[in-house]
2 protein chains.
Amino acid sequence: MTLPTRPNTEVTTAAHDRVYRALRTRIMHGEVAPGEALTLRGIGRDFGVSMTPAREAVRRLVAEGALFLSSSGRVSTPELSNERIEELAALRALIEVELASRALPRAHMALIDRLQTINSNVAEMVAKRDAVGYIRTNLEFHRTLYLRAQAPAMLAMAETVWLQLGPTMRALYGRLRRTEPPQDHRLIIAALKAGDEPSLRLAVRSDVTKGLRLLAG
Amino acid sequence: MTLPTRPNTEVTTAAHDRVYRALRTRIMHGEVAPGEALTLRGIGRDFGVSMTPAREAVRRLVAEGALFLSSSGRVSTPELSNERIEELAALRALIEVELASRALPRAHMALIDRLQTINSNVAEMVAKRDAVGYIRTNLEFHRTLYLRAQAPAMLAMAETVWLQLGPTMRALYGRLRRTEPPQDHRLIIAALKAGDEPSLRLAVRSDVTKGLRLLAG
DNA sequence: TGGCTCTGCATGTGATCACAAATCGCCAGT
DNA sequence: ACTGGCGATTTGTGATCACATGCAGAGCCA
């Protein structure tokens with residue numbers, strides 16, 4: 001580019017990729033509200049780039065279902081219907097149960113230790129009522145487990161679902177008024193220790209679909 | 001645009017969307033070989049647009065896993081490893097079994113008739129050894145059934161998997177030297193008629209994972 | 001003859017511009 | 001005070017340009 005904003009002392013990743021990654025994590029972690037509008041020039045201003053990289057990042061996120069593109073081309077984070085949330089939760093259950101099942105035979109003690117450490121962080125976020133922190137550490141817990149499945153295509157699919165649920169997860173967990181740490185995570189860890197696949201599948205399914213119960217309210 | 005190549009007598013869809021759709025169906029139907037390289041200027045030339053819409057279409061397809069982006073930015077259709085193919089087939093099984101199961105209670109006679117008609121087209125393509133035609137009609141068969149599930153998010157996910165498998169499906173079915181019509185499709189139709197959900201799940205799973213057997217060769 | 005380098009072409013990236021359309025706000029009329 | 005219309009501004013879209021980089025083929029040397 002003509003104006004290098006940062007010295008080239010480190011590996012320079014493409015501008016559109018930097019914008020994409022930043023927006024992606026912000027959306028996945030629930031840092032943006034559902035229905036929030038975005039503009040290409042605004043994104044470009046925020047990241048110090050022109051419209052072109054902003055457009056590419058937005059297009060990519062739209063393709064992944066993380067952003068909604070109105071008929072006039074305006075982009076905003078989607079407001080999901082209850083039916084769509086149910087579908088996405090069902091997809092989480094299908095894919096993540098399979099990922100956990102594939103990770104089980106490879107789950108050694110070091111992994112279980114790391115999961116327990118992450119889970120204590122999750123509990124801490126719940127106690128602090130930090131919705132964004134809770135979502136972030138909770139996803140870290142799941143991703144750490146699923147990475148052991150050695151199934152990158154499935155993991156990518158699961159992350160796409162997380163991405164689509166991001167903005168509403170924030171609203172969902174913000175409505176959630178509990179302070180108890182996640183019980184299902186303990187069941188997951190216990191099943192991993194015991195090598196008990198049926199219990200693991202049940203625990204993951206329960207953990208993943210639990211947030212759905214508050215839709216009736 | 002400054003140069004309207006077509007008169008505006010019909011509804012004009014955005015140029016990048018037209019390019020995207022055209023490339024997408026070509027990839028999904030297996031009309032491009034795995035590893036085939038694409039250039040932005042070449043795509044622009046083919047569709048009579050500049051690089052900008054071509055770039056957006058390509059970015060979108062990369063995001064969906066339909067195209068592979070090398071580290072230097074070159075795009076090509078991906079050459080899938082056997083492990084990745086196995087993953088994608090497992091995803092197809094998971095998602096499509098669920099879709100079929102959800103479609104079952106809504107499957108009336110009119111739908112079953114349409115499925116039988118499409119299936120005869122599939123058989124015709126098999127007899128003619130038309131790989132592209134086979135893939136196209138086969139996907140039409142599945143999509144017609146899954147549309148009844150009223151689960152757009154799941155269907156989109158399934159189509160994304162089809163898209164990723166597109167280029168290799170062509171190679172796979174090209175290697176397939178059979179002339180018998182798809183037996184599993186008949187089982188699917190029979191299960192739909194009988195309202196037999198377990199049989200339906202089995203038949204869909206079998207149909208979807210069948211192409212995998214020839215990977216050992 | 002084989003391997004290496006160097007140069008020129010092809011290609012992706014990002015910025016900028018012109019244009020169309022949509023959106024928002026203001027003002028007049030009732 | 002409310003509503004409808006109109007204009008200014010915002011916004012997305014596509015084209016084009018400058019630039020850096022990667023790739024390949026030609027030419028050179030051992």
Side-chain angles (χ1 to χ4, degrees), chain A residues 1-24 32 35-79, chain B residues 1-24 32 35-79:
Chain A
M1 63 190 84
T2 53
L3 292 177
T5 55
R6 297 188 304 178
N8 277 346
T9 58
E10 51 179 316
V11 178
T12 63
T13 160
H16 68 89
D17 211 59
R18 180 167 53 90
V19 176
Y20 165 76
R21 264 190 253 273
L23 288 178
R24 182 178 199 266
V32 290
E36 197 170 319
L38 296 175
T39 66
L40 297 183
R41 289 175 175 85
I43 294 170
R45 209 178 312 120
D46 291 349
F47 290 91
V49 297
S50 80
M51 293 172 53
T52 312
R55 242 203 295 194
E56 299 193 23
V58 164
R59 282 263 176 260
R60 202 166 153 188
L61 290 165
V62 168
E64 294 178 83
L67 289 177
F68 170 73
L69 191 69
S70 87
S71 60
S72 68
R74 253 71 166 194
V75 289
S76 60
T77 159
E79 303 182 81
Chain B
M1 62 191 84
T2 51
L3 292 177
T5 55
R6 296 188 305 175
N8 278 347
T9 58
E10 52 179 316
V11 178
T12 63
T13 161
H16 68 88
D17 211 59
R18 182 167 51 92
V19 175
Y20 165 76
R21 264 190 253 273
L23 289 178
R24 182 178 200 264
V32 290
E36 196 170 320
L38 296 175
T39 66
L40 297 184
R41 287 174 175 86
I43 294 170
R45 207 178 315 119
D46 290 349
F47 290 91
V49 296
S50 81
M51 292 172 55
T52 312
R55 242 202 295 192
E56 299 193 25
V58 163
R59 282 263 175 259
R60 204 166 153 188
L61 290 164
V62 168
E64 295 178 89
L67 289 177
F68 169 72
L69 191 68
S70 87
S71 61
S72 68
R74 252 72 164 194
V75 289
S76 60
T77 160
E79 303 182 80

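Lettering follows sequence order; numbering is per chain, from 1.
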Review point. Taking N and O atoms by type only, does the side chain of R55(A) place a donor or acceptor under 3.5 Å from a partner on the base of dG12(D)?
Key: no

Review point. More 5' along DNA chain C: E56(A) or S70(A), using each one's nearest nucleotide?
Key: E56(A)

Practice item. Kindly indicate whether the side chain of L38(B), heavy atoms from C-beta on, has any atom under 4.5 Å from the side chain of R74(B). Key: no

Practice item. Could you work out which one of dG14(D), dG12(D), dC23(D) sits closest to the side chain of R74(A)? Key: dG12(D)

Check your understanding: Rounding to a whole Å, what distance do you find between M51(B):CE and dT16(D):P?
Key -> 12 Å

Practice item. Could you state the atom-to-atom distance from NE2 of H16(A) to P of dA15(C) in whole Å? Key: 11 Å

Practice item. Indicate whether OP1 or OP2 belonging to dA15(D) is found under 4.0 Å from a side-chain N or O atom of S50(B). Key: yes

Exercise for review: Quick one: label L38(A) by what it contacts on the DNA or RNA (base, sugar-phosphate, nothing), any heavy atom closer than 4.0 Å.
Suggested key: sugar-phosphate

Practice item. Go through E64(A) and E64(B) one step at a time and tell me if the side chain to side chain contact (heavy atoms under 4.5 Å, CB included) criterion holds. Key: CA-CA 7 Å; E64(A) 294 178 83; E64(B) 295 178 89; over 6 Å; no

Point to revise | Nucleotide dT13(D), atom P - distance to CZ of R60(B) in whole Å | key: 11 Å

Point to revise | Straight-line distance of L40(B) CG to S50(B) OG, nearest 0.5 Å | key: 10.0 Å

Study note, to complete from the structure: To the nearest angstrom, the CG-C1' distance between L40(B) and dC17(D) comes to 16 Å

Exercise for review: Go through the N and O atoms of the side chain of R59(B) and the base of dG12(C), and report whether any donor-acceptor pair is under 3.5 Å.
Suggested key: no

Check your understanding: Roughly how many Å is it from CG in D17(B) to C1' in dG14(D), rounded to a whole number?
Key -> 14 Å

Contacts under 3.5 angstrom, residues 53-61 of chain A side chains, donor-acceptor by atom type, not counting sequence neighbours:
unit_1	atom_1	unit_2	atom_2	d
R55(A)	NH1	E56(B)	OE2	3.0
E56(A)	OE1	R59(B)	NE	2.3
E56(A)	OE1	R59(B)	NH2	3.1
E56(A)	OE2	R55(B)	NH1	3.0
R59(A)	NE	E56(B)	OE1	2.3
R59(A)	NH2	H16(B)	NE2	3.1
R59(A)	NH2	E56(B)	OE1	3.2
R60(A)	NH1	D17(A)	OD1	3.0

Point to revise | Nearest to side-chain heavy atoms of V75(A), which nucleotide of dG14(C), dG12(C), dG12(D) | key: dG12(D)

Check your understanding: If you pin G73(A) and T52(A) to their nearest nucleotides in DNA chain D, which one's is more 5'?
Key -> G73(A)

Review point. Between atom CD1 in I43(B) and atom P in dT13(C), what is the gap in whole Å?
Key: 12 Å

Check your understanding: If you look at every heavy atom in A66(A) and P78(A), which pair is closest and at what distance?
Key -> O-CD, 3.3 Å

Practice item. Please check the phosphate of dA22(C) (OP1 and OP2 only) for any side-chain N or O of S72(A) closer than 4.0 Å. Key: no

Point to revise | Base dG12(D) to side chain R41(A), donor-acceptor N/O within 3.5 Å cut-off | key: yes

Exercise for review: Send over the distance from L69(A) CG to dT11(D) P, rounded to a whole Å.
Suggested key: 15 Å

